[in-house]
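What follows is a set of notes on a single structure, which appears directly below.
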Amino acid sequence: MNIFVCIKQVPDTETKVTPNSSGTYIETNSIKWIMNPYDEFAVEQSLLIKAAKPEANVTVIRVGGSKDTEALRTAMAMGADEAILIEASDNLDSYMTAKALKGAIEKTGKKPDLILTGKQAIDDDCLQVPQLLAQMLGLPSVSVVVGFELAGNDLTLRREIEGGTIEIYKLQSPCLVACNKGLNTPRYASLPGIMKAKKKPLTTYKLSDVGVADADMRIKYSAFSLPPEKPAGKKMDAMDAAKQNEVVKKVVGLLRTEAKVI
Amino acid sequence: MLNFELTQEQKEIKEMALKFAKQEMQPKATEHDQSAKFPIDIFKKAWELGLLNTCIPSEFGGNGFSVVDGTLITECLAYGCMGMNTSIMSNDLALLPIVIGGSKEQKEKFLRPFTESYKIASFCLTEPSNGSDAAGIKTLIKETPDGYIINGEKMWITNAGFADLFVVYCTIDPKLKHKGICAVVIEKGTPGIEIGKAEKKMGHRCSDTRGLRFNNVKIAKNHLLGNLGDGWKIAMKTLDHSRPLIASSAIGGAQCAYEHSIKYAKERIQFDVPIARHQAIQFMIANMAMKIEAARLLTQRAAWMLDHGIKNTEFASMAKAFAADSCMEITTDAVQIFGGYGYSVEYPVEKLMRDAKLIQIYEGTSQIQRMVVAREVLS
């Protein structure tokens, strides 16, 4: 069974994000990179399957900068068998990313039985790559998955929708599943795992190797800036009973004219 | 050639150990400090991930970590909780004499089981009336035709109530001082071991500390490490290795106090500005940063020397004393920065101050370390 797990490397959740000096992207120099937390659920799910089906092969793929390969190494230290890095800038759009992932999966020559991803990346929150990739590969896909059962080729997936309701999907592999929090508890990369990961194969491709060209770009970032600072709130003293009528009138007026919420 | 960069693998090891410390240890640190309960589940989990017994060589099932690797892991775990780290690190301290002084058969017999399941080891040197004067221990070893008999009493033994194995220092005759010291391995359940009550302590409260008594404890010949009288040499070599680890634990605790201080100083408003804007606070924080950095460099140097086969006794002692004293100063200043809140058990820094104190005392007091440094530099 060939399992492909698509992961993204994102800034650590504690990062204070600032635009770079030219305003063309965020400042990446001092960023600590981590594996996208939703992708950790995807990696864990692949390893749970591998534990039940030892013949399963787990390949993790990432599109992005080659300076730090943290996320791929972590996935291999957790137990994935091999990794593919497609070297690209860190701000590739969703379409190019999906196309690069498709190209890399095809380049391995292995027929994918299951593709696992996180439901979204926590940096740009586009929520597009899983669906785009499934469409490009002509596979069915289910996203926001919180329950996963595999029997032979039959999958039963639980998907969370608005209001906490659960939808149940039955489908067959090959397919793509985009994972949500609650699906499993990702394991730690053990220290022996970290040592072993060093010896696992990591293949590197360029975008052109996997059939992606500049012309594939659908989104151009024009500028990055911080949102304007919020002005300080207005305080009105309503403790004095005599003034309360006046204060209420003033507050209602401000909600109407300034905040425009009523 | 100097190189301050960790290898990719070391960065990953550190990252993983820190993640474990933050997610598994730190959230439970206060609870275990208050209940003084031995957090065995956390230790088991740490063992499963390979965070324990960093000193076991790979040929006996260990991960084959360098001493520098060990210091990186220890610093992260102590950042999570100095008390829990003491019980974790104590395994290394107890297994090191076997790594250093044991035969191949002894290493196979005693070390390998620690790599196969979670087990606990205790290092037993100190006695009720012999701490700093370690060569004056009185626990006796007597040779018999088929082995040895041990009699005596030990004090302040970490993990004693849970240990599967004790590495015990004893003497052929107290009058022989250093020359009479022997190191032996005693397994749990051997008749004659009497385990004392758990001591109530100021800090490191979740770490188990007890007195022990050996009443005619019989052991086989293959439980003696090296020859009769080799114990002192083994103990000194153990300390060269363990002191950089202890120094790292002080740095981990100090780093934790430092980070709490920075966060609080930026939030706490006095005289209309965050207290981090007041020079009095800035100087305390700058001092913390300097001491942590200096202690870490000294410690990693002491560890690096050992990894490269260079005698590090002087540096190991410098690192241990400097890191422990720095940790005490830094945690004390952290309480000062937090003011009244710092003195309250509702806030995390008073525990750090209580925990720091022990590091100046155990594994050779800060004063003993200075004696070692002086002896080395004046010789």
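Just so it is clear: chains get the letters A, B, ... in the order the sequence lines come, proteins before strands, and each one is counted from 1. Bear in mind the structure is a predicted one, so any value in this text is a computation, not a measurement.
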>> Quick check on B:Phe65 against chain A: is it the side chain, the backbone, both or neither that has a heavy atom closer than 4.5 Å?
In response: side chain

>> For B:Leu51, which atoms come within 4.5 Å of any heavy atom of chain A: side chain, backbone, both, or neither?
In response: both

> In Å and rounded to the nearest 0.5 Å, what is the OH to NZ distance from A:Tyr188 to B:Lys45?
Replying inline: 5.5 Å

Could you check whether any side-chain heavy atom of [X] comes within less than 4.5 Å of a side-chain heavy atom of [Y], counting everything from C-beta outward?
X	Y	result
B:Asp69	A:Leu191	no
B:Glu15	A:Lys32	yes
A:Thr74	B:Glu12	no

Taking atom [atom1] of [X] as the centre, report whether more than 12 heavy atoms of other residues, nucleotides or ligands fall under 6.0 Å from it.
X	atom1	result
B:Arg277	CZ	no
A:Tyr25	OH	yes
B:Lys11	NZ	yes
A:Lys110	NZ	yes
A:Glu55	CD	yes
A:Glu14	CD	no

>> Tell me the closest heavy-atom pair linking B:Met16 and A:Ala189, and the distance in Å.
In response: CG-O, 2.9 Å

>> Testing the basics here: between A:Pro192 and B:Gly50, what is the closest heavy-atom pair and its distance to 0.1 Å?
In response: CD-CA, 4.1 Å

>> Among A:Met195, A:Arg187, A:Lys198, A:Arg73, which residue has the highest count of heavy-atom pairs closer than 4.5 Å to chain B?
In response: A:Arg73

